[in-house]
Amino acid sequence: MKLQSSSLALLFLGFLLLSSTPSSTAKFLVEKNSLRVTSPDSIKGTYDSAIGNFGIPQYGGSMAGNVVFPKDNQKGCKEFDESGISFKSKAGALPTFVLLDRGSCFFALKVWNAQKAGASAVLVADDIEEKLITMDTPEEDGSSAKYIENITIPSALIEKSFDDRVEYELWTNSNDECGVKCDMLMEFVKDFKGAAQILEKGGFTQFTPHYITWYCPQAFTLSKQCKSQCINHGRYCAPDPEQDFSTGYDGKDVVVENLRQLCVYKVANETQKPWVWWDYVTDFQIRCPMKEKKYNKKCADAVIESLGLDIKKIEKCMGDPDADSENTVLKEEQDAQIGKGSRGDVTILPTLVVNSRQYRGKLEKGAVMKAICSGFEETTEPAVCLSSEVETNECLDNNGGCWRDKGANITACKDTFRGRVCECPLVDGVQFKGDGYTTCEASGPGRCKINNGGCWHDARNGHAFSACSDNGGIKCECPAGFKGDGVKDCIDIDECKEKKACQCPECSCKNTWGSYNCTCSGDLLYIRDHDTCISKTSSQEGRSAWAAFWVIVTGLVLAAAGAYLVYKYRIRSYMDSEIRAIMAQYMPLDSQSEVVNHVNDERA
């Protein structure tokens, strides 16, 4: 029974009533306990368990306690003090029952380590489908005899079927340059992510990612090919992504990223959020593709940071890829490749394993959902298996790892049926531009209306300044009188100290926020445009001279205008008299005597 801390804490967190009712029906005695779960409701009921053949069972009595599954040392083969874990109950609280996975060491050693850490009882979850067996003591030797006789707490083995979750595995690869097969795999991961996370968060499934590695034969570990395609001196290898040893990325780059993705899962699992693995894998594929030369640690760390994971823990989990020693994580992966029980070896990518049954070829969301849902017993399947669609809002959890401006309440996260996308938004007609993950900046007209365009701004003493300007761009520039990046801050320039203004001999400079004040000694007047001081008297005399000049000019203009009007009047009068004289020659006028230059012509 393979159990993980994140979902197990949810699945088994509750109170158990453990009562012993030993019984025997065969020559080989298997003593059983009645194990009653009182919460949560999803597994409430009574189950059989086999008591351990060591310790002190409470025959005829009962115990009630709170079940805890450790986040580390989940098989209990090491002392819990090394991980800083204690199971001692607080005053007034129920005793602690520790749930451990079977395997890797003796049953008795698991119980002994838990007892030393303060446990009141131990439940061991079987890892294979079988009838209950007795947890017997190991053959005594010097080391085991010391702790076996000191075990004083009861213990019991529970069946694998006790956990009604469906377990499934996806054998995958971080290589995105293997053609159509890689494209189909990543398309499936993005398409199935939303459903997978709902099933995992609800405690319905137990998902584990896996990665295939190969090893280089001992005789070739020092060859150029092995060094470029393997890590840890040939122990863990992957094929060259481009099938060309002379260019692009090497197989060891793929192995390192596969290892990082495994550690992302392990660290996320420790924080009770194993489903974050789906976010990391899809984001890494989008943000760090090989084609754009971003398939590297720097890009991976940026994705990890955006998802709120501990980079140092992940690096510690990965270990040293150059060390001439085994890597614990990758060694477990190679062991997991080997078939167990009804499941054969895993040799083809991608491979989906649901309850030990393998599915290969092209993976589709609908088919995979059917395979997973068929693993539940009838009437125990979650509601998602009975619905036609799966919906989730990933933007509610850590903003989906996308960019966000908390001050303006603006986000690049857009929830979709298949998960979420990180795209810079359009807000009130203003388009934000950027990668959607780490940066989004307002651009174009009106950008300063949205949180001041993401630029610096401040106001003091009734004066306000901003580094944003609606000039169609997205750059933030500090205004005149300030210096800085224009985004986080703009610092006032001391024009006086830096001698940028008010430098004439008679000038006296005083710096102000965003500007300066300059005064002149005596009766001098400061001219800001020319950065100089001039005499106020000279200024007044100059103004008087200019006034006299303009009075004279105005008088001349008026005189010219009057002369022009007189001239026009006399010309017009002369023209009128000439016209009248001409007309008098052809017709008598009543007032001929009034015509100038007219002579009477009398004939006999």
Side-chain angles (χ1 to χ4, degrees), residues 1-16 37 39-43 65-76 80 82-87 89-90 93-94 96-101 114 117 119 123 125 162-170 193-210 260-283 303-318 329 332 372 382 384 392-401 419-420:
M1 183 177 186
K2 188 173 183 182
L3 300 171
Q4 300 294 331
S5 60
S6 60
S7 55
L8 190 66
L10 171 66
L11 187 62
F12 287 93
L13 187 59
F15 303 114
L16 299 183
V37 181
S39 67
D41 292 338
S42 59
I43 58 171
N66 185 22
V67 176
V68 174
F69 186 65
K71 66 179 182 179
D72 193 17
N73 190 22
Q74 295 164 353
K75 292 185 177 180
F80 287 97
E82 297 178 8
S83 304
I85 298 175
S86 174
F87 304 119
S89 302
K90 297 181 180 179
L94 287 171
T96 300
F97 296 171
V98 179
L99 179 65
L100 300 173
D101 284 338
L123 299 175
F162 186 86
D163 179 14
D164 60 357
R165 291 174 302 165
V166 172
E167 298 179 7
Y168 71 105
E169 308 168 357
L170 176 64
K193 182 178 73 168
Q197 291 181 325
I198 279 184
L199 291 169
E200 197 77 4
K201 291 177 182 180
F204 301 115
T205 59
Q206 167 64 61
F207 168 73
T208 307
H210 287 294
R260 181 178 289 109
Q261 294 187 6
L262 284 167
C263 288
V264 164
Y265 171 77
K266 290 181 177 295
V267 171
N269 199 26
E270 291 176 2
T271 62
Q272 316 298 319
K273 294 181 178 180
W275 50 83
V276 175
W277 176 87
W278 293 90
D279 293 321
Y280 174 82
V281 172
T282 52
D283 283 1
V303 178
I304 291 171
E305 185 176 358
S306 71
L307 296 174
L309 297 173
D310 192 325
I311 294 179
K312 291 184 178 179
K313 284 187 177 181
I314 292 173
E315 290 178 346
K316 182 179 179 181
C317 168
M318 294 177 64
V329 177
E332 290 178 356
I372 292 175
V384 67
T392 176
N393 190 345
E394 294 184 31
C395 296
L396 298 178
D397 186 9
N398 195 34
N399 198 50
R420 66 93 180 90

Locate the shortest heavy-atom distance separating [X] from [Y]; write the atom from each residue and the value.
X      : Y      : result
Thr208 : His210 : CG2-NE2, 3.6 Å
Leu100 : Phe69  : CA-CE1, 4.5 Å
Val98  : Ala119 : CG2-CB, 3.4 Å
Thr282 : Lys193 : OG1-NZ, 3.5 Å
Phe87  : Ala114 : CD1-O, 4.0 Å
Asn398 : Ser306 : ND2-O, 3.1 Å

Out of curiosity, [X] [atom1] to [Y] [atom2], how far, rounded to the nearest 0.5 Å?
X      : Y      : atom1 : atom2 : result
Met318 : Gln261 : CE    : CD    : 10.0 Å
Cys263 : Lys313 : SG    : NZ    : 13.0 Å
Gln197 : Lys273 : CD    : NZ    : 11.0 Å
Asp101 : Asn73  : CG    : CG    : 10.5 Å

Are any side-chain N or O atoms of Asp279 and backbone N or O atoms of Val303, one a donor and one an acceptor, separated by less than 3.5 Å?
no
When you measure from the side chain of Ser89 to the backbone N and O of Leu94, does any donor-acceptor pair fall under 3.5 Å?
yes
Evaluate the ring planes of Tyr265 and Phe207, with Trp represented by its six-membered ring, and classify them as parallel (under 30°), tilted (30 to 60°) or perpendicular (over 60°).
perpendicular
Check the pair Arg260 / Ile314 against side-chain contact (heavy atoms from CB on, under 4.5 Å), numbers first and verdict last.
CA-CA 7 Å; Arg260 181 178 289 109; Ile314 292 173; 4.3 Å; yes
What's the verdict on side-chain contact (heavy atoms from CB on, under 4.5 Å) for Arg420 and Asp283, showing C-alpha distance, side-chain angles and the deciding distance?
CA-CA 10 Å; Arg420 66 93 180 90; Asp283 283 1; 2.5 Å; yes
Pick from Ile198, Thr205, Asp397: which one makes a side chain to side chain contact (heavy atoms under 4.5 Å, CB included) with Trp275?
Asp397
Kindly indicate, with the supporting measurements, whether the criterion salt bridge (charged side-chain N to carboxylate O under 4.0 Å, His left out) is fulfilled by Asp72 and Lys266.
CA-CA 10 Å; Asp72 193 17; Lys266 290 181 177 295; over 6 Å; no
